[in-house]
Amino acid sequence: MIFRTRKAQIDDVSNIECLMQLSISNMLGDLLNEDQMEAANESMGLDTQLIKDGSYYLVFQDKELIGSGGFSTRETLFGGNHTPNRSDNLLIPGQDSAKIRAMYTHPKWIRKGVGTLILELAEKKALELGFNKFELMATVSGIMLYEKRGYQTEEEVEYVSKLGNKVPMYKMKKNIYA
């Protein structure tokens, strides 16, 4: 399939948020209980800093938004604008790991190459900036994609929401030596 990609713009935010919510509820809804879903919703979402930095991409089939995701050159590993423990400190290419961030696929388009396309695009752009290591925080629905793309789980963590609910997450890394 041939998909169209472009960088996200601030005026895309509402469409991105709709895609994210659809993806979260459909992709995780069958895998997590209600308390875990509350924690997942708190830990996930759109970080508009990625759009401002020009490192967040959208995937379209015709005019339909079917995927989003990108990378960051900042310390924050995961989460949206609302997620606690954020840092906008810049990373050092060649020393630090670029962060793969906020990848979402429309449920109708899973296992059709959308996630792989976003991941390859994000890695390519980060490599162009001098990064040769990547890090991400995977959910239970995304871990298989990342493993197939060469990421290895370094640590399983539990995100604890403000309400005390917990959701499993997987810190994963990948090195590329050119």
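The basis for the numbers below is simple: all heavy atoms, side chains too, and nothing from hydrogens, waters or symmetry mates. It should be emphasised that the depicted structure is a prediction, and the values quoted were computed from it without experimental measurement.
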Taking only distance into account, with no hydrogens and no angle test, what donor-acceptor pairs under 3.5 Å do side-chain atoms of residues 140-155 form with protein atoms, sequence neighbours excluded?
unit_1 : atom_1 : unit_2 : atom_2 : d
S141   : OG     : T139   : OG1    : 3.1
R149   : NH2    : E120   : OE2    : 2.7
Y151   : OH     : E123   : OE2    : 2.7

Name each donor-acceptor pair under 3.5 Å that joins a side chain in residues 2-21 to protein atoms two or more places apart or in another chain, with its distance.
unit_1 : atom_1 : unit_2 : atom_2 : d
R6     : NH1    : D12    : OD2    : 2.8
R6     : NH2    : D12    : OD1    : 2.9
R6     : NH2    : D12    : OD2    : 3.4
D12    : OD2    : Q9     : N      : 2.7

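Open room surrounds CG on D30; 12 or fewer heavy atoms of other groups in view lie less than 6.0 Å from it. Within a 6.0 Å radius of NZ in K174, other residues, nucleotides and ligands contribute more than 12 heavy atoms.
Annotation: the span from D62 atom CG to L65 atom CG amounts to 13.0 Å, rounded to 0.5 Å. Rounded to the nearest 0.5 angstrom, F78 CZ and I100 CD1 are separated by 15.5 Å. For the atom pair CD1 (I176) and CG (L127), the distance works out to 4.5 Å, reported to the nearest 0.5 Å. One distance of note links CG of L121 with CD1 of I118; it measures 8.5 Å at 0.5 Å rounding. Interatomic distance, OG of S97 versus NZ of K173, reported as 4.5 Å (0.5 Å rounding).
With side-chain heavy atoms closer than 4.5 Å counting as contact, directly or through intermediates, the hydrophobic cluster containing M27 also holds I110.
Although no hydrogens or angles enter the test, the distance criterion places a donor-acceptor pair under 3.5 Å between the side chain of K133 and the main chain of Q95. N165 places no side-chain N or O within 3.5 Å of a backbone atom of S161 that could act as its donor or acceptor partner. Side-chain atoms of T116 do not come within 3.5 Å of backbone N or O of G113 as any donor-acceptor pair. Within the 3.5 Å criterion, the main-chain N or O of V114 finds no donor-acceptor partner in the side chain of T105.
With sequence neighbours excluded, no residue forms a side chain to side chain donor-acceptor pair (under 3.5 Å) with N26. Among residues two or more places apart in sequence or in another chain, the side-chain contact (heavy atoms from CB on, under 4.5 Å) test is passed with E128 by K124, K125. Under the salt bridge (Lys or Arg N to Asp or Glu O under 4.0 Å) criterion, E64 pairs with K108, sequence neighbours left out. Residues satisfying the side-chain contact (heavy atoms from CB on, under 4.5 Å) test with A40, not counting sequence neighbours, are L28, L32, M44, V167. Under the side chain to side chain donor-acceptor pair (under 3.5 Å) criterion, Y57 pairs with no residue, sequence neighbours left out. Evaluation of the side-chain contact (heavy atoms from CB on, under 4.5 Å) rule for P93 yields F131 as partners, not counting sequence neighbours. Looking at residues two or more places apart in sequence or on another chain, you find no ring-ring contact (aromatic ring centres under 6.0 Å, His included) involving Y170.
Within the 4.5 Å cutoff, the side chain of L119 has heavy atoms near those of the M103 side chain. For the pair S68/V59, no side-chain contact is recorded, criterion being any heavy-atom separation below 4.5 Å from C-beta on. Using a 4.5 Å heavy-atom threshold, the side chains of N81 and L46 count as separate. Residues F71 and L50 fail the side-chain proximity criterion, which asks for heavy atoms closer than 4.5 Å. Using a 4.5 Å heavy-atom threshold, the side chains of S72 and Q49 count as separate.
For residues 31-60, the pairs satisfying salt bridge (Lys or Arg N to Asp or Glu O under 4.0 Å) are D47-R86, D47-R101, D53-R74, with sequence neighbours left out. Annotation: ring pair (Phe, Tyr, Trp, His ring centres under 6.0 Å) contacts involving residues 84-105, sequence neighbours excluded, are absent.
Nearest heavy atom pair, residue S25 against residue M37, reads CA-CE, 4.1 Å. When all heavy atoms are compared, the tightest approach of Q61 to I66 is CB-CD1, 3.8 Å.
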